[in-house]
Amino acid sequence: MVCELKAKERAGTINPIFTCQPAGAQYVSIGIKDCIGIVHGGQGCVMFVRLLFSQHFKESFELASSSVHEDGAVFGALNRVEEAVDVLLMRYPHVKVVPIISTCSTEVIGDDIDGVVRKLNEGLLQEKYPGREVHLIPIHTPSFVGSMITGYDVALKDFVSYFAEKGEPSEKINLITGWANPGDVTALKHLLEQMKVEATVLFEIENFDSPLMPAGNVVSHGDTTVEDLRGTANAKGTIALNRYEGGKAAQYLEKEFGVPAVIGPTPIGIRNTDTFLKNLSRLTGKPIPESLAWERGIALDALTDLTHMFFAEKRVAIYGNPDLVVGLAEFCLDLEMKPVLLLLGDDNSNYKHDPRIQALQKNVYYDLEIVTNADLWTLEDRIKNQGLELDLILGHSKGRFIAIDYDIPMVRVGFPVYDRAGMYRHPVVGYAGAIHLAESMANALFADMEHKKNKEWILNVW
Ligand code: SF4
């Protein structure tokens, strides 16, 4: 019985789990108020990413492209960045923050986006926009390295390091959520409120779930301000919930400004939420209130109703963002399930040093395969050719055809999810997230029992 961590053996990728680095940088950008990112590359590098955001949230987001064409690919395309910045500033008078996000093509041709930012700061901004607050921030996200996860991590650190500014110490903490949904932010803010802890939430994306108002459509954007980012240097501490999506920024603030950093664990499930609250209490000196003990009790009660009777020994495959996958695996283990296949969609060499993965390797008593640089064919191959039997799949919508083809129940979780309604509104973190996840898994298993006429009568007497 082993828990093996190994890289996919095949060269090439069939049905990738992740998209590329610039997508992560774009996700961070839309979380900032008065910010429109310019992606320096071909138009598709924005168009398909925006489409994913729109599919997932059923909302519209603003992102720009320098729209590099053949001539730019050969002779360099920095003139396109200069033009794009000018057009963007003319057209959007409220915009203050403009990250210039590089892509594979513009990194390969060697376009100097740092140099063009200097040139624009000294030229265009002073000549045409004197007195206007504009921040041009180069963000390097070549897509031949890492994935959308590293792109998120890099961009978040770049924004924080650009703005963070030493000032008066504040009572706030920085809470870096990682690649979260609006429902997660709502759940986290509820926990903070119960703890009476003031926090700068990076990024404040609750409004990605936007209203339809009488005056017309609202364009969705995040609410993290330049002032919020500046203040990160003066916080009492930083909690980065995800190791791979925000860990770098937390480390930067600790190193540069002495803001203590706590990285992880992702608060999925009861034990990880308990640890999050204890970390919050330790950093701020605030006690965990009785109200949260009550909420924890409700969550425990909901899980106890399901665990032994329906979840025990159920074999689960999980794919998606690494912190999410590891957090879900830990939660499944706590529910007596057996995560048997974990797929991490990139080749981050740090996975083998991740204490959570090391703990899985040490403690799991059955065969568990963790594959890095994995794709969705890895999942299909295990089922189709290697006889992997599964009771449940946890992952985003890109794997739905495997669930359909092999008739395996699936709970949608992660990004992107577009084939189930409103999933972005539900948390996976905190006690509320534990209830939502467990009940979604149970309902998926119940529907499968009925569909396959497999002891469905149990549901009559339960
Ligand atoms: S792989 Fe390169 S060309 Fe394709 S979307 Fe990503 S950055 Fe753009």
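Positions are given from 1 along the sequence. Every number for a ligand or one of its atoms is a count from 1 in the order of the listing.
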Students should be able to answer this: which protein heavy-atom is nearest to atom 8 (Fe) of ligand 1, and at what distance? Cys45 SG, 2.3 Å

Tell me, which protein residue and heavy-atom name are nearest atom 1 (S) of ligand 1, and how many Å apart are they? Ser143 OG, 3.3 Å

Of all the non-hydrogen atoms in the protein, which one sits nearest to atom 3 (S) of ligand 1, and at what distance? Cys104 SG, 3.4 Å

Quick check: does any side chain N or O of Asn272 sit under 3.5 Å from a backbone N or O of Ile268, one acting as donor and the other as acceptor? yes

Under a 4.0 angstrom heavy-atom cut-off, which atoms of ligand 1 come close to Pro22? 7 (S)

Ring-plane angle category for Phe208 and Tyr27, please: parallel below 30°, perpendicular beyond 60°, tilted otherwise. perpendicular

Decide if the gap between the ring center of Tyr152 and the ring center of Tyr244 is smaller than 6.0 angstrom. no

Atom 6 (Fe) of ligand 1 [closest protein heavy-atom partner, distance rounded to 0.1 Å]: Cys20 SG, 2.3 Å

Under 6.0 Å between ring centres: does that hold for His396 and Tyr319? yes

Hey, does Ser105 sit under 4.0 Å from ligand 1 if you only count heavy atoms? no

Would you please classify the geometry between the His94 ring and the Tyr92 ring as parallel, tilted or perpendicular, with 30° and 60° separating the classes? perpendicular

